[in-house]
Amino acid sequence: MIKRITLIFLLTFNFSWAQLSFQESATANGVGVSYGVSTYGGGVSFCDFDGDGWDDITYSTTDGEEVYFYKNNNGTFTLIDLGINDTYRTKQVIWIDYDSDGDKDFFATSISGLNKFYENDGSMNFTDITATCGLFTDNKYTYGASFGDIDNDGDLDVFICNRDDVTFNQYNYLYRNDSGTYVEITSSAGINLGNQVSFTSAFFDYNNDGYQDIYVANDKIANINRLYENDGDGTFTDVSLTSGAGIAIDAMSTTIGDYNNDGWFDIYVTNTTGGNQLLNNNGDGTFTNVAPFIGVAFESIAWGAVFLDADNDSNLDLYVSGIFDGSVPSLLPSAFYENQGDDTFSIPSGIGFSGDVLTSFSNAIGDFNNDGLPDIIVMNDTDNNFLWENTTTNSNNWLKLKLQGVTSNKDGIGSKIEISAGGKTQYRYTLNGEGYIGQNSNTEFIGLGTETTIDYLKITWLSGTVDYFTNVSVNQSLTVQEGESLSVDEFNDISIQVFPNPVKNQLNIQLKNANSENSIVELYDLLGKRVIVKSADSSIIKIDVSNFSSGLYFLKCLVDNKTITRKIVLD
């Protein structure tokens with residue numbers, strides 16, 4: 001059964017057309033503060049940091065100011081003290097579950113001091129682990145940090161972007177998470193060791209091979225953007241030039257989304273007046289810039305960008321933040337691009353963004369009032385930040401989806417989501433650290449138009465597990481735990497028989513049509529802890545489970561380089 005959290009139904013109107021509408025409500029909702037004097041702005045997180053089902057807001061701050069944590073109390077915000085004392089000039093502020101214990105830990109980057117890491121004890125009490133977590137502890141002028149799982153082992157690794165325009169001798173860092181301690185693998189993994197003047201990065205699977213690749217936005221035309229293809233063995237191949245993703249612009253953002261719903265994830269990169277680029281993923285390992293042809297080039301001074309389906313019509317729209325320059329009337333201060341349904345975009349008028357004319361940098365989406373409509377938070381410089389509340393009125397339906405990993409990382413980062421309704425299929429990809437030093441809600445938002453039933457929902461986790469549900473109801477928030485359905489076996493050429501199930505003492509796994517010499521079985525408890533790993537020595541693998549507590553477990557079988565997962569019940 002799918003777990004249903006916060007079931008919310010929209011009112012049904014007697015019309016189906018969409019009236020896009022936003023209103024600025026930061027001050028009205030208690031989050032109307034500013035970053036302060038900055039160098040290329042501050043970062044923002046719209047992540048539910050305390051796990052109560054309401055998206056909270058975290059603002060970075062300038063020198064001498066502590067990071068702002070705004071707890072969402074059923075749609076209203078309160079500034080709270082989490083005991084996190086970070087008064088450096090912070091950039092990325094990001095929540096992650098680095099130790100896979102089910103709660104959110106906190107990481108903040110800085111360009112005036114140390115990057116700081118804080119571990120959550122599960123009760124929102126935080127311990128500074130900066131000096132012991134394994135990450136570097138000197139000022140390398142860090143802007144962005146993104147987290148992903150490069151080796152599909154169930155914990156989150158990190159890529160750190162250093163934009164050093166002072167000494168020009170800092171490179172970016174890649175760290176592997178080894179049971180809660182970070183180990184630097186930058187050089188051995190094949191990451192460029194030159195000063196790239198990098199702002200941000202994102203982990204995503206550009207070639208749909210089940211491994212997370214890394215895309216990096218580099219400032220200045222002397223530094224091409226970098227696309228690192230994950231080789232699946234802890235190393236990466238730089239495919240920047242051969243893929244066409246290695247563009248040379250003043251790149252700021254790495255915004256990932258599938259704007260044309262073809263199952264291949266695209267990259268939107270912001271730029272100065274030379275024009276933003278939307279790198280269409282051609283599905284053959286290459287990208288093509290289509291921004292000038294579909295109406296999203298912006299051609300002004302752009303920073304943060306985010307994909308969202310603002311009116312839930314099943315088409316991804318795009319919002320771009322920028323710097324207002326009143327002396328050049330032709331430059332856009334910001335732009336909301338509406339998807340016309342044919343993969344082209346236009347800027348609608350009269351939808352509420354007339355006051356969006358400040359110097360803005362990072363942005364992120366969340367749903368602060370849980371009404372099923374994505375809202376936008378925007379970091380301004382010396383003016384108060386924006387909270388663009390989505391007040392769109394229509395009869396379109398939606399789904400909100402939150403993932404809980406078991407053998408994969410806890411937040412399901414790196415999962416591919418496929419949703420089909422009324423013959424139209426959409427795709428989402430879960431990220432942690434995206435856009436320009438931003439973090440979106442951990443909940444994925446899917447607009448469904450006027451469709452009243454989702455034909456199927458398919459989730460492909462980094463572990464290889466595939467969950468598949470049919471006839472899913474609309475207008476609700478779902479939490480799906482990895483392995484909850486396990487009703488689809490993708491590998492018909494290999495079969496396994498597991499017996500008895502339920503089991504008390506000995507579990508037997510019989511392999512058919514497989515090479516037992518290349519087979520490994522692993523048993524995980526509900527917390528995602530691996531309790532047994534065993535290599536096959538024959539076609540029947542026997543596991544003694546008599547000493548384990550009763551309950552639900554997950555069996556992961558690695559057979560001929562394929563993964564099959566089964567639920568196991570211990571009596």
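Counting only heavy atoms from C-beta outward, the side chains of Ile294 and Asp343 never approach each other to under 4.5 Å. A heavy-atom distance below 4.5 Å is found between the side chains of Leu227 and Tyr206. Using a 4.5 Å cut-off on side-chain heavy atoms (C-beta onward), Val33 and Tyr70 make contact. Looking at Ser201 and Val216, their side chains come closer than 4.5 Å, going by heavy atoms from C-beta outward. At a threshold of 4.5 Å between non-hydrogen side-chain atoms, the residues Pro374 and Asp309 do not count as touching.
Residues passing the side chain to side chain contact (heavy atoms under 4.5 Å, CB included) test with Asp219 are Arg163, Val197, Phe199, Asp250, sequence neighbours excluded. The side chain to side chain contact (heavy atoms under 4.5 Å, CB included) test applied to Thr132 returns Ile129, not counting sequence neighbours.
For the residue pair Ser38 / Asp381, a side-chain donor-acceptor distance below 3.5 Å is found, with atom types taken as modelled. Between the side chains of Glu65 and Tyr59, no donor-acceptor pair is found at a separation under 3.5 Å. Residues Asn384 and Ser34 bring no donor and acceptor atom of their side chains to less than 3.5 Å of each other. Asp258 and Tyr429 share no side-chain donor-acceptor pair at under 3.5 Å. Checked by atom type, the side-chain pair Thr288/Asn282 shows a donor-acceptor distance below 3.5 Å. Side chains of Ser110 and Asn115: no donor on one and acceptor on the other come within 3.5 Å. Side-chain contact check for Asn280 and Tyr259: at least one donor-acceptor pair (N or O, by modelled atom type) lies under 3.5 Å. At a cut-off of 3.5 Å, with distance as the only test, no side-chain donor of Asn192 or Asp238 sits close to an acceptor on the other residue. Defined by atom type and a distance below 3.5 Å, a donor-acceptor pair is missing between the side-chain atoms of Gln277 and Asn271. Side-chain N/O atoms of Glu444 and Thr430 include no donor and acceptor closer than 3.5 Å. For the 3.5 Å distance criterion, the side chains of Asp356 and Ser334 qualify, holding a donor opposite an acceptor. Gln23 and Ser25 share no side-chain donor-acceptor pair at under 3.5 Å. A side-chain N or O of Tyr215 and one of Asn225 form a donor-acceptor pair less than 3.5 Å apart.
Aromatic pair Phe265/Phe204: ring centres not closer than 6.0 Å. Note: Tyr319 and Phe336 fail the aromatic proximity criterion, with ring centroids not under 6.0 Å apart. Aromatic ring centroids of Trp388 and Phe22 lie 6.0 Å or more apart.
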* Tell me, with the steps shown, if Tyr268 and Asn276 meet side-chain hydrogen bond (donor to acceptor under 3.5 Å, both in side chains). => CA-CA 7 Å; Tyr268 189 74; Asn276 300 348; 2.8 Å; yes
* Start with the C-alpha gap between Asp164 and Asn169, add the side-chain angles, then the distance that decides, and say whether side chain to side chain contact (heavy atoms under 4.5 Å, CB included) holds. => CA-CA 7 Å; Asp164 177 15; Asn169 63 1; 3.3 Å; yes
* Could you walk me through whether Thr391 and Glu389 pass the side-chain hydrogen bond (donor to acceptor under 3.5 Å, both in side chains) test, one step at a time? => CA-CA 6 Å; Thr391 55; Glu389 179 181 352; over 6 Å; no
* Show your reasoning for whether salt bridge (Lys or Arg N to Asp or Glu O under 4.0 Å) applies to Asp367 and Lys400. => CA-CA 10 Å; Asp367 181 8; Lys400 291 171 60 175; 2.9 Å; yes
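Nearest heavy atom pair, residue Glu229 against residue Val239, reads OE1-CG1, 3.6 Å. Residues Gly102 and Asp97 approach most closely at N-OD2, 2.8 Å, considering heavy atoms. A pairwise comparison of heavy atoms in Pro329 and Ser327 identifies CD-O, 3.5 Å as the closest pair.
Environment of CD1 in Ile221: sparse, with no more than 12 heavy atoms of neighbouring residues, nucleotides or ligands closer than 6.0 Å. Counting non-hydrogen atoms of neighbouring residues, nucleotides and ligands closer than 6.0 angstrom, the OH atom of Tyr211 reaches no more than 12 such neighbours.
One finds the CG atom of Leu331 at 7.0 Å from the OG1 atom of Thr273 (value rounded to the nearest 0.5 Å). Atom OH of residue Tyr141 and atom NZ of residue Lys91 lie 13.5 Å apart, to the nearest 0.5 angstrom. For the atom pair CD1 of Ile94 and CD1 of Ile437, the computed distance is 11.0 Å after rounding to the nearest 0.5 Å. If you take CD on Glu434 and CD on Gln92, they are separated by 8.5 Å, rounding to the nearest 0.5 Å. With rounding to the nearest 0.5 angstrom, the CG atom of Leu316 is 8.0 Å from the CG atom of Leu308.
Aromatic ring orientation, Phe69 versus Phe49: perpendicular (interplanar angle above 60°, classes split at 30° and 60°). Aromatic ring pairs are classed by plane angle as parallel below 30°, tilted from 30° to 60° and perpendicular above 60°; the pair Phe77 and Phe368 is tilted. Between Phe159 and Tyr228, the angle of the ring planes lies from 30° to 60°, which puts this pair in the tilted group.
Of the candidates Asp149, Leu156, Ile150, Asp153 forms a side chain to side chain contact (heavy atoms under 4.5 Å, CB included) with just one, namely Asp149. Of the listed residues (Asn162, Thr90, Asn172), just one forms a side chain to side chain donor-acceptor pair (under 3.5 Å) with Thr142, and that residue is Asn162. Under the side chain to side chain contact (heavy atoms under 4.5 Å, CB included) rule, Phe117 has a single partner from Val158, Ile96, Thr127, Thr137, which is Ile96. With respect to Phe106, the ring-ring contact (aromatic ring centres under 6.0 Å, His included) criterion is satisfied by exactly one of Tyr98, Trp95, Phe126: Trp95.
A donor-acceptor contact shorter than 3.5 Å links the side chain of Lys416 to the backbone of Gly263. With Thr254 contributing its side chain and Thr200 its backbone, the two residues share no donor-acceptor pair below 3.5 Å.
A salt bridge links Asp128 and Lys116; the closest N-O separation between the charged side-chain nitrogens and carboxylate oxygens is under 4.0 Å. Between Asp63 and Arg89, at least one side-chain nitrogen of the basic residue sits less than 4.0 Å from a carboxylate oxygen of the acidic one, meeting the salt-bridge criterion. Under a 4.0 Å N-O distance rule, the pair Asp50/Lys71 qualifies as a salt bridge.
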